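On a predicted model such as this, the values are computed, not experimentally measured, just so you know.
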Amino acid sequence: MPLDDAYANAAYIAGAETYPPKWEAAAAAFREELGARAELGLHYGTSDRQVFDFFNTTKDAQGTVIFVHGGYWKAFDRSSWSHLAAGALAAGWSVAMPSYDLCPDVQISQITRQIAQAVQAIAARTDGPLALTGHSAGGHLVARMLAPGVLPDDVRARILRVAPISPVADLLPLLQTSMNELFQMDEAAARSESPTRQDPPKGAQVRIWVGAEERPVFLEQAEALARAWDIENTVVPEKHHFDVIDALEDAQSDIVRFLTAT
């Protein structure tokens, strides 16, 4: 397919194959260190993957950050990313990380609805503001939470800040990739699931992060969303698609300071 190479991240990252096992090991060690502060496998829906992990800060929580993982809606789950909660936890926020069903078992529109269910379940067990962030496909999913009608008004009103990281914001180009054999999208579905085609959100601060060393299409996707919503797009020097998320581990990073601002 004509755009397969354009969206092939791993092929252009040195040592790409080493990243998933490193993420898994770091996440497992983080959960073990957290002990009872890590509440694992909390159900928000009926399938085995409709669960979230909840990490409690040692302080009185100022709010809750929700991180949604990527993997082109077809790979990974919450268990590879636990360590990315470190920055927000240190800043005094609790962190929730949901999994979701994957394509081709479900369609992307169904995953959007699952994440909306997860956000509602997390909101029901917490007080205070919510901040959403997600990477790649997860960046798409957190952006979709801002569309009218996706969340109940009372939950939507609690979302103060959203930080899509390297988001896939326009899904139409994916129709020209072999991945669409799994997604099974037509043009109408791709349009309806594209944040770039949503009305600009109101009532929440939104800022995009993307690595300067990412594939050109991801820089274009980030810029397209920034233009469509008239929001800031932060291009992080010397970062690619797999390491741009590392800043979530640091309470003093720009992205964590943005998400946890009071």
- Message: One pair to check against salt bridge (charged side-chain N to carboxylate O under 4.0 Å, His left out): Arg144 and Glu193. What are the steps and the verdict?
- Response: CA-CA 7 Å; Arg144 289 286 291 130; Glu193 276 297 317; 3.0 Å; yes

- Task: Report yes if some heavy atom in the side chain of Leu102 is under 4.5 Å from a heavy atom in the side chain of Trp73; otherwise report no.
- Result: no

- Would you say the side chain of Met97 lies within less than 4.5 Å of the side chain of Leu84, judging by non-hydrogen atoms? yes

- Message: Just checking Tyr100 against His69, ring centres under 6.0 Å apart?
- Response: yes

- Note on the structure: Across all chains, not counting sequence neighbours, the side-chain hydrogen bond (donor to acceptor under 3.5 Å, both in side chains) partners of Asn180 are none

- Hits for salt bridge (Lys or Arg N to Asp or Glu O under 4.0 Å) against Arg31, two or more places apart or cross-chain, chain-then-number order -> none

- Does NZ or CZ of Arg215 fall inside the cone over Tyr7's six-membered ring, less than 6.0 Å from its centre and within 45° of the axis? no

- Message: Taking the basic N atoms (NZ, or NE/NH1/NH2) and the acidic carboxylate oxygens, is any pair closer than 4.0 Å for Arg49 and Asp105?
- Response: no

- Query: Can you tell me how far the OG1 atom of Thr133 sits from the CZ atom of Arg161, to the nearest 0.5 Å?
  - Reply: 12.0 Å

- Item | Aromatic plane relationship, Tyr72 with Phe218 - under 30° parallel, 30 to 60° tilted, over 60° perpendicular | tilted

- Residues Glu39, Arg125: salt bridge by 4.0 Å N-O rule: yes

- Query: With under 30° as parallel and over 60° as perpendicular, where do the rings of Trp209 and Phe258 fit, or are they tilted in between?
  - Reply: tilted

- Item | Any side-chain donor near an acceptor of the partner, Arg207 and Thr234, under 3.5 Å | yes

- Heavy-atom side-chain proximity of Pro98 to Val51 below 4.5 angstrom: no

- Query: Aromatic rings Tyr19 and His240: how do their planes relate, parallel, tilted or perpendicular, breaks at 30° and 60°?
  - Reply: perpendicular

- Task: Would you check if Ser166 and His135 make a side-chain contact, meaning some heavy-atom pair closer than 4.5 Å?
- Result: yes

